[in-house]
Each structure stands twice: as structure tokens, then as C-alpha cells.
Amino acid sequence: MTLSQHVAVITSDEQALIVASDLAEDFKRDSALRDRERRLPHPELEVFSRSGLWGISVPKEYGGAGVSNVTLAKVIALIAQADGSLGQIPQNHFYALEVLRVNGSEEQKKRLYAEVLAGQRFGNALAELGTKTAHDRVTRLKHDGDGYRINGRKFYATGAIYAQRIPTSVIDENGVQQLAFVPRESKGLTVIDDWSGFGQRTTGSGSVVFEDVYVAAEDVIPFQSAFERPTPVGPLAQILHAAIDTGIARAAYEDALQFVRTKTRPWIDATHEKATDDPLTIKSFGHLSIRLHATEALLERAGEFLDQAQADTNAASVAAASIAVAEARAISTEISLAAGTTLFELAGSQATLVEHGLDRHWRNARVHTLHDPVRWKYHAVGNYYLNDENPPLRGTI
């Protein structure tokens, strides 16, 4: 594992979108091959890191571009459109940076933001198997001299295998959850490449084992308190997930257009002749395009609400941002699955051929949309508008 060198400095939203668009063109080229062979994208991630995009959410006062959440979501959607796994890998990186922004000390912010701007990637070790609920944690943090020791096991640790630091949720001796930014090369830390999902096959979302892993006190940040008061941490996490789904949906939609225009009748000139006169096919594209455009509009709207919540954080602004993001996440879940399914319907049996790789869009969407149950998004949205009840403070809304 190497640390990215010669990292570019991105200074504006416009620059971030240009860089992301250029990278997406490159990443798209071999995305089907990487998926088919489960070729982990180490070279692509080095390019991704050196581009400067992993540092765009670092606030301006710490040397970053401090881009809007509208831009951040568009960047992730562009990368996810090119490769549904590559779009997922930085999600927890940006999530950890938001926890740092909200709960970190000045010293922690200066040091860890500087690492990111120098090219370091943060992974994650949050989820655990065998707990009573998805929110429970049993991985322990115990004092050892001036620092701590961590013992436990994590799974679905997306990005850990590619990271230089692994932010890890731990329970301290008082039963309070903290976030430890553990260096990847720490003694006793083992990252296991045991991810076997049928979608998002190259995210490296395997397991992480901690056996008496030492972590310095200055690398531990309060975590639980980010959900004991209104903060934008939850909606920030969720808008990134919505962006991933939106990018996957756009990829499936574009591939469906391309397939119907050329693969079904490869002799036609798509610029001068109708792709089809079939009314059912035309209706399918009309239906998809309307919902996809609505999803992209709601994603942008959610970013604007989240920007407001970060600028003026209070119960009302955070609730409004959470609901706006939940709306985007609900529709992005539906359209990503619908676009992949429609691609199958329109392309027929050819869509199932391994060499085409068209099935990866539905597989990526089906795996990613299981991250948080969308049915609770509808419940939260309905409760907000009907009963004036703010959504719960948690990372899943």
C-alpha cells in the first residue's frame, strides 16, 4: 500500500466537477472488467487520491476547497456512474471528515485534515455482526498509559483495505461510543479481504480485526455526541448514499439508451434514424427519464438543505436537511433498481451475457440500496409533514 504522491490542490466547486468528470471517463473504461474479474482498483484509487478529490470537503480555513454538498454529491454521482464500486469507497472517508469537523478539536482538525490533503484515505470499521441491533457496538476501547487499546471485530468495512487510516467505532470504559482514527499499519490490526457480495464487488468491504491495537489519545474523537444533539453528520452520510444510487441509475439508463440505439440494430446511424418505433420501449424510456431527472433534482435540493444546516446548525435546519436527504435517498433507491431492471427488459437475454457486463448496474444497486431500509425513509418523511415530528438523530437518516 502506497501513499499518494504529488496530490493536486482543488480550490473550487467548478474545478472539482471538471476533475470528477475527467476521472469518470477514465474509470468507466474498465469498470465492467474490474467487476467481472473482481480486480481491486488499487491503481484507480491512487489516481483518484492524487486528483485532490478526496480533500474537497476539507473546510477552506484548513486548506481545503470546502465545496458545497451539492458539489460533493455530484462528484460522487459522477464517479458512481462510471463505477458503482469506486463511487462507494470514499463514502465513509467523507463521513469521517464530517465527524471530525463537528466533534474534533482544533489540533485534531489541523493534523487529520492535513493528512487528507496530502493524499491519505480514510476507510471505516463501524458495523458489527451478532449485535442486538445494527446500532449496537461491542468493540472496546480501554486505557493503556497515555493511549488506548482496541479489541474487537468489524465487518462491511468499506475502504479499509485501501486506507491509510481506519476510523473505528469503539465503546469506551464508560459505555460511550468514540471514533478512533487508527493507522492502517498498527500492530495487531488485520484487514481481511472476505467481501463476497454479488454487487459492488470491488469495494473491498471485508472484515477488520483488532487485537490489542494501540491508538494514541489524540487520535480518538467523540462519536456518540454527534447524535445526542442536532448535527449534519447523519444527512451528510445519507446524501452520499443517495448520490451513489443516482450515479448507478444514470449509468444503467445511459447503457439502456446505447443498447437500444445500437445493439439491437447495429447498422443504424443513431443520429439520423429512429432507434425504435415501438411504443412500449419509448414509454419505458419516458418513464425512466422523468424519474431519473426528478432524482437528480432532489439530490441537488438535498445538498442545498444540507449546506444550510452546516452553515446554521440547529434542530430545525438539521431536521429539514435530514428530510430533504431522505426524500432523495428514497427516490434514488427506486430509480437505481428500476433502471437496472428496465435495462434487462429492453436488452433481453443479451443483457445477461458476461462480456457485456450490463447486469452489474442492477447488482450494484441491489446491494447498495440494502445499506439502510428505505421504508423508514418514507416513515420519517410522512411523520415530518403530517405530524410535525423531526426525524431521529442517527446516521441512517
side-chain contact (heavy atoms from CB on, under 4.5 Å), paired with Ile161, selected from Leu40, Ile166, Val208
Leu40

Distance-only donor-acceptor hits, side chain of residues 91-100, under 3.5 Å, sequence neighbours excluded:
from: Gln91; atom 1: NE2; to: Ala237; atom 2: O; distance (Å): 3.2
from: Gln91; atom 1: NE2; to: His241; atom 2: NE2; distance (Å): 3.4
from: His93; atom 1: ND1; to: Phe122; atom 2: N; distance (Å): 3.1
from: His93; atom 1: NE2; to: Trp54; atom 2: O; distance (Å): 2.7
from: Glu98; atom 1: OE1; to: Arg101; atom 2: NE; distance (Å): 3.0
from: Glu98; atom 1: OE1; to: Gln310; atom 2: NE2; distance (Å): 3.2
from: Glu98; atom 1: OE2; to: Arg101; atom 2: NE; distance (Å): 3.4
from: Glu98; atom 1: OE2; to: Arg101; atom 2: NH2; distance (Å): 2.9
from: Glu98; atom 1: OE2; to: Gln310; atom 2: NE2; distance (Å): 3.1

Pairing donors with acceptors under 3.5 angstrom, does anything connect the side chains of Arg137 and Ser169?
yes

Under the salt bridge (Lys or Arg N to Asp or Glu O under 4.0 Å) definition, can you give me all pairs with a residue in residues 149-160, not counting sequence neighbours?
Glu128-Lys154, Asp144-Arg149

Donor-acceptor contacts, no H, no angles, side chain residues 388-397, under 3.5 Å, sequence neighbours left out:
from: Glu389; atom 1: OE2; to: Asn383; atom 2: ND2; distance (Å): 3.4

My understanding is that a hydrophobic cluster links ILVMFWY residues whose side chain heavy atoms are under 4.5 Å apart, including indirect links. Using that, what else belongs to the cluster containing Ile282?
none

Trp195: ring-ring contact (aromatic ring centres under 6.0 Å, His included) partners, not counting sequence neighbours:
Tyr156

Does the side chain of Asn103 come under 3.5 Å of the side chain of Ser225 through a donor N or O and an acceptor N or O?
yes

Suppose clustering is done on Ile, Leu, Val, Met, Phe, Trp and Tyr with side-chain heavy atoms closer than 4.5 Å. Which residues sit in the same group as Val374?
Tyr378

Salt bridge (Lys or Arg N to Asp or Glu O under 4.0 Å) pairs, two or more places apart, involving residues 215-225
Arg111-Asp219, Arg165-Asp219

What salt bridge (Lys or Arg N to Asp or Glu O under 4.0 Å) pairs are there with at least one residue in residues 201-215, not counting sequence neighbours?
none

Does His287 have any ring-ring contact (aromatic ring centres under 6.0 Å, His included) partners at least two apart in sequence or in another chain, and if so, which?
none

Which pairs count as salt bridge (Lys or Arg N to Asp or Glu O under 4.0 Å) when at least one residue sits in residues 237-260, sequence neighbours excluded?
Asp245-Arg329, Arg250-Glu254, Arg250-Glu296

Verify, without hydrogens or angle tests, whether Lys377 (side chain) and Ala326 (backbone) share a donor-acceptor contact under 3.5 angstrom.
no

For the residue pair Trp376 and His379, categorise the inter-ring angle as parallel (less than 30°), tilted (30 to 60°) or perpendicular (more than 60°).
perpendicular

Heavy-atom count around Asp194 CG within 6.0 Å, excluding the residue itself: above 12?
yes

Do Leu236 and Ile221 belong to the same hydrophobic cluster, where Ile, Leu, Val, Met, Phe, Trp and Tyr are linked whenever their side-chain heavy atoms lie under 4.5 Å apart, directly or via other members?
yes

By ring-ring contact (aromatic ring centres under 6.0 Å, His included) - contacts of Tyr148 (at least two apart)
His143

Is Lys74 salt-bridged to Glu300, cutoff N-O under 4.0 Å?
yes

SB check Asp35 Arg38 (cutoff 4.0 Å)
no

Side-chain H-bond candidate by donor/acceptor type, Ser68 with Thr71, under 3.5 Å
yes

Running the 4.5 Å side-chain criterion over Ile, Leu, Val, Met, Phe, Trp and Tyr, what cluster does Phe305 land in, apart from itself?
none

